[in-house]
J.: 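What follows is a single structure, and I will ask about it in a moment.
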2 protein chains.
Amino acid sequence: MKIGELASAAATKVETVRYYEKIGLLPPPARTSANYRAYGNDHLARLSFIRRARDLGFTLEAVRELLTLSDDKAQSCDAVDGIARVHLTEIDRKIADLSALRGELDRVIGSCRHGTVADCKIIETLAPRTLTAT
Amino acid sequence: MKIGELASAAATKVETVRYYEKIGLLPPPARTSANYRAYGNDHLARLSFIRRARDLGFTLEAVRELLTLSDDKAQSCDAVDGIARVHLTEIDRKIADLSALRGELDRVIGSCRHGTVADCKIIETLAPRTLTAT
DNA sequence: TGTACACCCTGTAGCAACTACAGGGTCAAG
DNA sequence: CTTGACCCTGTAGTTGCTACAGGGTGTACA
């Protein structure tokens, strides 16, 4: 199949496919006489794998590791589990960070009295207290 | 004050200060005879403002708008409030996305039976069902 | 007076993970 | 035979910095 068919079959973009090939995530396929890339089902499987892993938030580096691991069927699954667990920890940290931020921002917004900028509590919160009076 | 002093006073890096100047967030300061940047307290206030806004997760574009608004003291605070509310909505969306992701990832990890990669449920989840048998 | 060292300058390249061109070639339908 | 959809390579842009390379400056100490 051609690159456009592959891309739409895996719900990615043509440019992304070429990008994955360039960074070595997707092996270079055969070429037609017109120099078009010609993909098989193995390429589609690999690309779909990448996409699903990306959807789950894995970095391309993590995807690369997962692909390497998945190629060695006899190996223990623990390394895969480890990567997933590290990723889960990172997601938890991000959620915690964002929640803290949300709280602070909510507090700041709640202080808005809808007056002029001169009395704006939001601006005031952002400006350092010691230098507010210019 | 020199760029190093400004940077440490605002808990940023020298390169970041120069970067903010380059993209027009921080006005170019006067120069000494040796061509060193010479900053005043107004620069420190502005840089601190930028930093605090960034800490709250505002993009540089949002910071640029907030700075413009904060320069016009007579204006209504509502525009500022609006930017902050939009930002809050975005944070809420990000938290929701991450939570959904966390759930899915947790489920995937929970399915790990610690066998070989061939039976790995995590890999299986990533691989498309229709193509798992190669 | 020399020199070592911390600091400053400009400009460019790199990071993630793509996306969007520009400027061409190919192929099937009408 | 030409229109349009697709393909090719290569490069530059995105966000928000960070890290050089290759220089100049200022001060402290021997």
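Within every chain, numbering begins at 1; the chains are lettered A, B, ... in the order of the sequence lines, protein sequences first and strands thereafter. Scope of the values below: all heavy atoms of this structure, side chains included, with no hydrogens, waters or symmetry mates.
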J.: Heavy atoms of chain A, cut-off under 4.0 Å: which first and last nucleotide of DNA chain C, 5' to 3', fall inside that, if you could look?
T.: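 Using the under 4.0 Å cut-off, the span is C:dA17 to C:dC27.
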J.: A:Ile23 near the nucleic acid: base, sugar-phosphate alone, or nothing, with a heavy-atom cut-off under 4.0 Å?
T.: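 Contact class for A:Ile23: none.
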J.: Return the value, rounded to whole Å, for the distance between atom CD of B:Glu21 and atom P of D:dT18.
T.: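 Nearest whole value for this atom pair: 17 Å.
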J.: Identify which one of A:Leu67, A:Leu56, A:Val63, A:Ile50 satisfies the side-chain contact (heavy atoms from CB on, under 4.5 Å) criterion when paired with B:Leu126.
T.: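 When A:Leu67, A:Leu56, A:Val63, A:Ile50 are each tested with B:Leu126, the side-chain contact (heavy atoms from CB on, under 4.5 Å) holds only for A:Leu56.
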J.: Regarding B:Arg37, tell me which of base, sugar-phosphate or nothing describes its non-hydrogen contacts under 4.0 Å with the strands shown.
T.: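 Result for B:Arg37 = sugar-phosphate.
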J.: Any donor-acceptor pair under 3.5 Å linking the side chain of B:Ser8 with the backbone of B:Ala11?
T.: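 Flag not set: sc B:Ser8 to bb B:Ala11 has no pair under 3.5 Å.
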J.: Whole Å only: how far is the CD atom of A:Glu15 from the P atom of D:dA12?
T.: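 Spelled out: CD on A:Glu15 to P on D:dA12 is 17 Å.
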J.: Near DNA chain C, under 4.0 Å by heavy atom, which residues of residues 56-70 of chain A?
T.: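 Contacting residues: A:Thr59, A:Leu60.
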J.: For A:Ala118, what residues pass the side chain to side chain contact (heavy atoms under 4.5 Å, CB included) criterion, not counting sequence neighbours?
T.: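 Per chain and number, A:Ala118 pairs via side chain to side chain contact (heavy atoms under 4.5 Å, CB included) with A:Thr116, B:Lys73.
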J.: Using a strict 4.0 Å threshold on nitrogen-to-oxygen distance, state whether B:Lys94 and A:Asp97 make a salt bridge.
T.: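 Salt bridge absent between B:Lys94 and A:Asp97.
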J.: Round to a whole Å and report the spacing from OH of A:Tyr19 to C1' of D:dT11.
T.: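 Atom-to-atom, A:Tyr19 to D:dT11, this comes out as 15 Å.
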J.: Donor-acceptor pair, distance only, cut-off 3.5 Å: does the side chain of A:Glu5 make one with the backbone of A:Lys2?
T.: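 The answer is yes, because a donor-acceptor pair under 3.5 Å joins these two groups.
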J.: In whole Å, what is the span from the CD1 atom of B:Ile50 to the P atom of D:dG16?
T.: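 Interatomic distance, CD1 of B:Ile50 to P of D:dG16: 12 Å.
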J.: List the residues meeting side chain to side chain donor-acceptor pair (under 3.5 Å) with A:Arg93, not counting sequence neighbours, and say none if there are none.
T.: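 Result, side chain to side chain donor-acceptor pair (under 3.5 Å) vs A:Arg93: none returned.
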J.: Do B:Tyr36 and D:dG24 share a donor-acceptor pair, side chain to base, under 3.5 Å?
T.: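 Yes, a donor-acceptor pair under 3.5 Å.
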J.: With sequence neighbours excluded, what pairs up with A:Phe49 under the ring pair (Phe, Tyr, Trp, His ring centres under 6.0 Å) test?
T.: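 Once residues adjacent in sequence are excluded, A:Phe49 has no partner under the ring pair (Phe, Tyr, Trp, His ring centres under 6.0 Å) criterion.
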J.: Starting at atom CD of B:Glu90, determine the distance to atom C1' of D:dT15, rounded to an integer number of angstrom.
T.: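 Value for this atom pair: 14 Å.
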J.: Please give, in whole Å, the distance from D:dC6 P to A:Lys13 NZ?
T.: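 Distance check: A:Lys13 NZ to D:dC6 P gives 15 Å.
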J.: Given 3.5 Å as the limit, does a donor-acceptor pair link the side chain of A:Arg54 with the main chain of A:Phe58, or not?
T.: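 Yes, the answer is positive, given that a donor and an acceptor are paired below the 3.5 Å cut-off.
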J.: By nearest atom, which of the nucleotides D:dC7, D:dT18, D:dG24 is closest to the A:Lys2 side chain?
T.: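 The closest nucleotide is D:dC7.
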J.: Does anything in residues 80-89 of chain B form a side-chain hydrogen bond (donor to acceptor under 3.5 Å, both in side chains)? List the pairs, not counting sequence neighbours.
T.: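 Only B:Asp81-B:Arg85 qualify under side-chain hydrogen bond (donor to acceptor under 3.5 Å, both in side chains).
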J.: Start at the 5' end of DNA chain C and walk down; is the nucleotide closest to A:Lys22 or to A:Ser33 reached first?
T.: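 Closer to the 5' end of DNA chain C: A:Lys22.
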J.: Using a heavy-atom cut-off of under 4.0 Å over every strand shown, decide if B:Arg54 touches base, sugar-phosphate, or nothing.
T.: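 Sugar-phosphate: the residue B:Arg54, judged by heavy atoms under 4.0 Å, touches backbone atoms but no base.
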J.: Need to verify one output field. Residue with the more 5' nearest nucleotide on DNA chain D, A:Arg18 or B:Ala34?
T.: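 Comparing both residues, the 5'-ward one is A:Arg18.
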